[in-house]
Amino acid sequence: MGRPRTSLPFLSSNVDGGHVGNSIEDGLVQREKPPPREDGFPHVVGRFLQLFMSGNQVDGGSRTEEEEKVYSWLYALARSDKDLVFEYVRSTERGLSFTEAERRLRESGPNAPLEYTFPSWWHLLWNAFFHPFNMILVVLSVLSYITSDNPNGCIMLALVFISVSLRFYQEHSSSKAAMKLSEFVKCPIKVQRCAGRVEQTELIVQVDQKDVVPGDIIIFEPGDLFPGDVRLLSSKHLVVSQSSLTGESGTSDKMADVKENESTPLLDLRNICFMGTNVVSGSGTGLVISTGSKTYMSTIFSNIGKRKPPDDFERGVRRISYVLVGVMLVVVAIIILTEYFTSGELSESVLFGLSVACALTPQMLPLIVNTSLAKGALAMAKDRCVVKSITAIRDMGSMDILCIDKTGTLTMDRAIMVDHLDCWGVKREKVLQFAFLNSYFKTEQKYPLDDAILAYVYTNGHRFQPSKWTKVDELPFDFIRRRVSVILEIESISRDGKSKSSDRFMVTKGALEEVMKVCSFIEKIDSGSTTAFSAKEYQRILDLGEELSNEGLRIIGVAVKRLTKNASGQIKDDDEVTESDMVFLGLITFYDPPKDSAKQALWRLAEKGVKAKVLTGDSRALAIKVCQEVGIRTSHVITGPELELLDQESFHETVQRATVLARLTPTQKLRVVQSLQTVGNHVVGFLGDGINDSLALDAANVGISVDSGASVAKDFSQIILLEKDLNVLVAGVVRGRMTYGNTMKYIKMSVIANVGSVLSLLIATLFLQFEPLTPRQLLVQNFLYSVGQIAIPWDKMEEDYVKTPQRWSRQGLPMFILWNGPVCTVCDVATLLFLWFYYEADVVDMDEFFRSGWFVEGLLMQTLIIHLIRTEKIPFIQETASWPVILSTVVISAIGIAIPCTGIGEVMGFVRLPLSFFGFLVVLFIGYFTIGQIVKRIYIMVYKKWL
């Protein structure tokens, strides 16, 4: 990602009037030649498969072509003379005519930073509905209605409705948040236009920001927003806030009469002002060079509302749905054909096949998943954490990297005074005294630094007796001078006590360089003498300030001046209002301390396998200082300007290795997140609270903001913290992993039980030549089993499971089924053989007896399997389930055993079972748990994982 290279000299020959065309901007960019095209069928297929599998992911390592064009255009105009800039945008020093402005507006469209068509509500609803799992349930429900099985059809449609409603609500909320950002701030802009056919006259008119076009000359003053990217034509003490782009609270000095070069970071260009930034102080004029989608701001928000990286869990569920469809079509077709050729009745055969298909489908999956997520959301709400998207809880369980901003997250977001130093870096009380007097008596615009100075003085027992001083006047702080001065008077009594006199002082404090500018003397506090402020002393103090800044401290300068009197004893007016010829006293240092809870929370996250990376717009030195305080490694630190110089491969390597990334722009934060997701294959959480964090919040797997954050940042976040405390996130990570674990319990258990049961039904149908269970019996068994699994979200997880991030494994579930599915089938086949051969001579109606035994064994098998699957340990001995799961198991098992003995059982075609059969079941399930535990241990030894 090197700097964009531009080419300029030939442009003047192309300026012939008319409108701004793409040819000019295209001419400013030396485009790289595309790689040679590989023809042939194999290459075409390869490119198609790569496109299909990529999921439109962006790796974050390089800019898009549109971004490169914007960067090149801005750099080209920043390093050009003002006269040449007019030619580039085809404008004049008088401005555009009204006719030309209208024509350009029709051609380029309204001046809005986003060009993205948001999906309509019906499109979102269709995407939420069109899911393989939903399609399975809908088809089965329709077939259920056709075969007069109305209750089963209603249940499946209700499950589809719940699933579709939740997904539609989440995606519609996200789309609405993106649309809020597209409603860009509207405000009137002062524009210079020219009118008249014979003699043109310059007019100042007000137009709406959406009607500003490239080539317009705008006039701005404090409080104005820049309606586009602007090349300054004139400026007077211009100070601009770029916090909407950088996230830094500081300001930037801008000036028109400079020429920049490509070594300057884009946002540090002094003669360019960007769309969305605002004037803090000063005034000037500027030439609009880009509007709408061609501005720097549009490159920042161009990804808003677009798809995030594919969710591993959703993608895995989709694959399982496809597998179930395939198995269902094969198995159900065989069962229907077998039953039809045996009985000769097509309707009964179809009904039985439909019942088998229902048994194969994990119908409770939407309810189990959403109940688990909702339970986690309620638990996090108790920790003062609002969960907007419940799927974010599951993603938090998979999160292995948390990107955080420094300010207000790791630190207290307030200043604490550290020291008061003289010009040689020695602690001197006089420096503190005059800094205190300045903060004590100033009345306009109290700042946190003033509170920090006052708190330091009061808590350390200093007695400067402000009551002896009287305030005369004040020169308030402004962003041009960047300092504040107060004029104070103190009465003094002569040594003999007979006469009184008053002395007046001007006390100034503010930005170090600005205070030093008005100083002509320096005081040697140890001797009390003053000397001229030499260039050597000036540089030495600057070096001292830089050294302190590198330690992560914020510094201000302090100066004082005794106001002289004229012959009549009056204070000179000029001296009262002029800050000049002052005596430099020293420096005051401040620090934004880390939170007490931050270090503990980061340590707890590291224990849980979540690595922290700091992505901040602050300086390198300050970021390092804070990270060292909270225990984040600072051996690999990189800044945004340094990242800009790296090629794509080096960019990815650096991002994976770096723990602290400072001075990042919003687009760089986005690229870092995308690089971690795609190249590093990480699940990334991002904690931010500013407009500049919106891109990263939108792209991250888990977007986290705070209640005091910008409204746009909160809109794009899935989780909002009501308190800036990382410990809440630690609890969220644990709950996310518990939610994921309980969900995986159900998925693995239900797929194994269902697939094993259906294969057993297929074997029994082929072996017995009659239905092992009637459709009604099979549906009741499936219903009781499904109801019994509702308690799974309330189950507990083992401590070892929540210590590491949990992610969906592409090969994990198929291999899990291959290893554990046959165990269920073997037990079912053993029951079949036992019923058929042991009771064959003693039972009159073998069909009803077999179905009764098969019903009870199958229900108990599916109910008890949760206890084997839920833990790596030996169930009931080393580990027991939570009481809701145990209670559910007991109740459903009791109902299943009792049904054949009741009138309901007689209606359903069941008969009483002998005690010997239940003795067989005890032996069978002991053998099942024994074999299952052996298979489990071997599986864990091979794959190092269970759930």
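Keep in mind that the numbers below use all heavy atoms, side chains included, and drop hydrogens, waters and symmetry copies.
Pairs engaging residues 600-612 under the side chain to side chain donor-acceptor pair (under 3.5 Å) rule: Arg604-Asn727 [sequence neighbours left out].
Nearest heavy-atom pair across Gly688 and Ser705 is O-OG, 3.0 Å.
Side-chain contact, Asp395 with Ser398: no donor N or O sits under 3.5 Å from an acceptor N or O. In summary, the side chains of Lys442 and Ser485 do not present any donor paired with an acceptor at a separation below 3.5 Å, with no hydrogens or angles considered. Side-chain contact annotation: Gln648 with Ser650, donor-acceptor N/O pair under 3.5 Å absent. For the residue pair Glu429/His420, the side-chain donor-acceptor check at 3.5 Å is not satisfied. Using modelled atom types and a 3.5 Å distance limit, the side chains of Gln242 and Lys254 yield a donor-acceptor pair.
Residue Arg463 places its CZ atom among 12 or fewer non-hydrogen atoms of other residues, nucleotides or ligands, all under 6.0 Å distant.
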His636 and Thr659: CA distance, side-chain angles, deciding distance, side chain to side chain donor-acceptor pair (under 3.5 Å) verdict: CA-CA 6 Å; His636 297 95; Thr659 54; 5.7 Å; no

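Not counting sequence neighbours, the partners of Arg620 by the salt bridge (Lys or Arg N to Asp or Glu O under 4.0 Å) test are Glu642. Judged as a side chain to side chain contact (heavy atoms under 4.5 Å, CB included), and not counting sequence neighbours, the contacts of Thr634 are Ile624, Cys627, Gln628, Val637, Val660. A search for salt bridge (Lys or Arg N to Asp or Glu O under 4.0 Å) contacts involving Arg737 returns nothing, not counting sequence neighbours. Listed by chain and number, the residues in a salt bridge (Lys or Arg N to Asp or Glu O under 4.0 Å) with Arg540 are Glu537 (sequence neighbours excluded). Taking Leu542 as the reference, Glu513, Met516, Tyr538, Gln539 meet the side chain to side chain contact (heavy atoms under 4.5 Å, CB included) condition, with sequence neighbours excluded.
In this structure, Lys509 fails the cation-pi test against Phe436, since its NZ or CZ atom is not both closer than 6.0 Å to the six-membered ring centre and inside 45 degrees of the ring normal.
Between Asp268 and Arg663, at least one side-chain nitrogen of the basic residue sits less than 4.0 Å from a carboxylate oxygen of the acidic one, meeting the salt-bridge criterion.
For the atom pair CG (Leu695) and NZ (Lys669), the distance works out to 10.0 Å, reported to the nearest 0.5 Å.
At distances below 3.5 Å, at least one donor-acceptor pair connects side-chain atoms of Gln677 with backbone N or O atoms of Ala699.
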